[in-house]
Amino acid sequence: MQRHRHRRPLRAALGLTVAALTLGACTNLSGAPAQDGGSARASSAGGAAAKPNIVFVLTDDLSTNLLPHMPQVKELQKDGTSFSQYFVTDSLCCPSRSSILTGEFPHNTGVFTNNGSDGGYGAFNRNGDEARCYAPALRKAGYRTGFMGKYLNGYLPADEHGTDSPYVPPGWDEWDTAGNGYPEFGYNLNENGKVVPYGHGPDDYLTDVVARKATSFIDSAAADKKPFMLELATFAPHSPSTPAPPRRRLVPRP
């Protein structure tokens, strides 16, 4: 049976409010109307279409009842846009991630589960979904693109996929992606085609590592006056829900 591709704008809210805002900004780039007035920031005072910088933070298994206890996330919400009406194509991890990356529904991406012949990174790659990801389109539009953290279940940083080096999907200028990053320590990152191992020291905590890389990516793009799109996809707070190592106290105890 032939698959018919319906490239309809994707409006989904996953993880953080900033994720919903970013998907609204991506929708603006496709020319479709945004919800809740999100398109106003995409135009300049003269009415010409601008290229907004986009930081898309996607968390894994973050419960909404935790948000009132997360002041930094609430700050993102205050400065961004919230979506009260939205669609999630499939609440399962990989089908939903595939929809985010391509703007397509599961019956078009061919990703229905997290593993097996019709799931995970294997199905995403075999079905040619990487070529239909937003990254090549945004790069063509003049964006610097970055992806950091968790990609899709089954992705391994050292896989070469017929090349002679660890594979980086098309369209990404910066690629810092882990395989099994759930423990937050003792993982490997594919850093732009080079596999880099990380250990168990305080500075190896994965969420902090990708946060530092994200800051560097944004600073570099801003210095070059280049519009950028960054997807920062954490493994946290998915189980085993490894907490960050203790930080040094800024003020010594009395």
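Just so you know, these numbers come straight off a predicted model, no measurement behind them. When reading the values below, keep in mind they use all heavy atoms of this one structure, side chains included, and skip hydrogens, waters and symmetry mates. Here, residue 1 is the first one in the sequence, and each next residue gets the next number.
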Close aromatic pair by centroid cut-off 6.0 Å: Trp175 and Tyr151 = yes
Work out which heavy atom in Gly193 is nearest to a heavy atom in Asn190; give both atom names and the distance.
-> N-OD1, 2.8 Å
Does a side-chain heavy-atom distance below 4.5 Å link Pro106 with Ser99?
-> yes
Side-chain contact, heavy-atom cut-off 4.5 Å: Phe235 with Glu184?
-> yes
What distance do Asn127 atom CG and Asn108 atom CG have between them, rounded to the nearest 0.5 Å?
-> 10.5 Å
Using 4.0 Å as the upper bound for N to carboxylate O, is an ion pair formed by Arg97 and Asp60?
-> yes
Taking atom types as modelled, find out whether Glu104 and Ser98 have a side-chain donor-acceptor pair closer than 3.5 angstrom.
-> no
Check whether any side-chain heavy atom of Met70 lies under 4.5 Å from a side-chain heavy atom of Leu62, and answer yes or no.
-> yes
Gap between atom CG of Asp173 and atom CG of Asn192 - 0.5 Å precision = 9.0 Å
Note: Gly142 and Pro227 closest approach over all heavy atoms is O-CG, 3.5 Å
Closest heavy-atom pair and its distance - Phe112, Asp90 = O-OD2, 4.5 Å
How many angstroms lie between CG in Asp208 and NZ in Lys213, if you round to the nearest 0.5 Å?
-> 13.0 Å
Test Phe217 against every option in Val55, Val210, Leu230, Thr145 by the side chain to side chain contact (heavy atoms under 4.5 Å, CB included) rule and name the one that passes.
-> Leu230
With hydrophobic residues grouped by side-chain heavy-atom distances under 4.5 Å, do Val88 and Leu92 end up in a single group?
-> no
Is the backbone N or O of Asn125 less than 3.5 Å from a side-chain atom of Asp129, with the two atoms forming a donor-acceptor pair by type?
-> no
Residues sharing Phe185's hydrophobic cluster, by side-chain heavy-atom contacts under 4.5 Å among ILVMFWY, directly or via others?
-> Tyr205
Beyond-backbone contact of Val209 with Tyr198, side-chain heavy atoms, under 4.5 angstrom | yes
In terms of heavy-atom contacts, Asn114 and Cys93 come closest through OD1-CB, 3.6 Å
For the side chain of Asp61 and the backbone of His238, is there at least one donor-acceptor N/O pair under 3.5 Å apart?
-> no
Mind checking whether Glu130 and Tyr167 have side chains closer than 4.5 Å, heavy atoms only?
-> yes
Rounded to the nearest 0.5 angstrom, the OG-CG distance for Ser165 and Asp159 is 12.0 Å
Report the C-alpha distance between Tyr155 and Asn153 in whole Å, list the side-chain angles of each, state the deciding distance to 0.1 Å, and finish with yes or no for side chain to side chain contact (heavy atoms under 4.5 Å, CB included).
-> CA-CA 6 Å; Tyr155 169 82; Asn153 293 35; over 6 Å; no
Tell me whether Met148 is reachable from Leu156 by hopping between hydrophobic residues (I, L, V, M, F, W, Y) whose side-chain heavy atoms are closer than 4.5 Å.
-> no
Considering only heavy atoms from C-beta outward, does the side chain of Thr89 approach that of Phe87 to under 4.5 Å?
-> no
Could you tell me whether a side-chain N or O of Arg126 sits under 3.5 Å from a main-chain N or O of Ser117, the two making a donor and an acceptor?
-> yes
Do you know which two heavy atoms are closest between Thr234 and Lys150, and how far apart they sit?
-> O-CB, 4.4 Å
Where do Pro170 and Ala135 come nearest, in terms of heavy atoms and distance?
-> O-CB, 4.2 Å
Note, Phe56 side chain near Ile100 side chain (heavy atom, < 4.5 Å) | yes
Taking the side chain as every heavy atom from C-beta outward, state whether Phe124 and Leu101 have any atom pair closer than 4.5 Å.
-> yes
From the list Asn115, Thr113, Val111, side chain to side chain contact (heavy atoms under 4.5 Å, CB included) partner of Cys94 resolves to Val111
Any chance you could lay out the ring-ring contact (aromatic ring centres under 6.0 Å, His included) test for Tyr143 and Trp172, step after step, and finish with the verdict?
-> CA-CA 10 Å; Tyr143 273 75; Trp172 298 105; over 10 Å; no
First locate atom CG of Leu66, then atom NE2 of His69, and finally report the distance between them rounded to the nearest 0.5 Å.
-> 7.0 Å
Flag, side chain of Asp176 to backbone of Glu191, donor-acceptor distance under 3.5 Å | no
Donor-acceptor pair, Arg212 side chain versus Asp203 backbone, under 3.5 Å?
-> yes
Testing Gln77, Lys78, Gln72 for side-chain hydrogen bond (donor to acceptor under 3.5 Å, both in side chains) with Glu75, which one passes?
-> Lys78
Do you see a donor-acceptor pair shorter than 3.5 Å between the side chains of Ser220 and Arg144?
-> yes
Under the side chain to side chain contact (heavy atoms under 4.5 Å, CB included) criterion, do Ile54 and Phe228 qualify, and how do the steps go?
-> CA-CA 6 Å; Ile54 304 166; Phe228 61 84; over 6 Å; no
Separation between CE of Met229 and NZ of Lys51, rounded to the nearest 0.5 Å | 15.0 Å
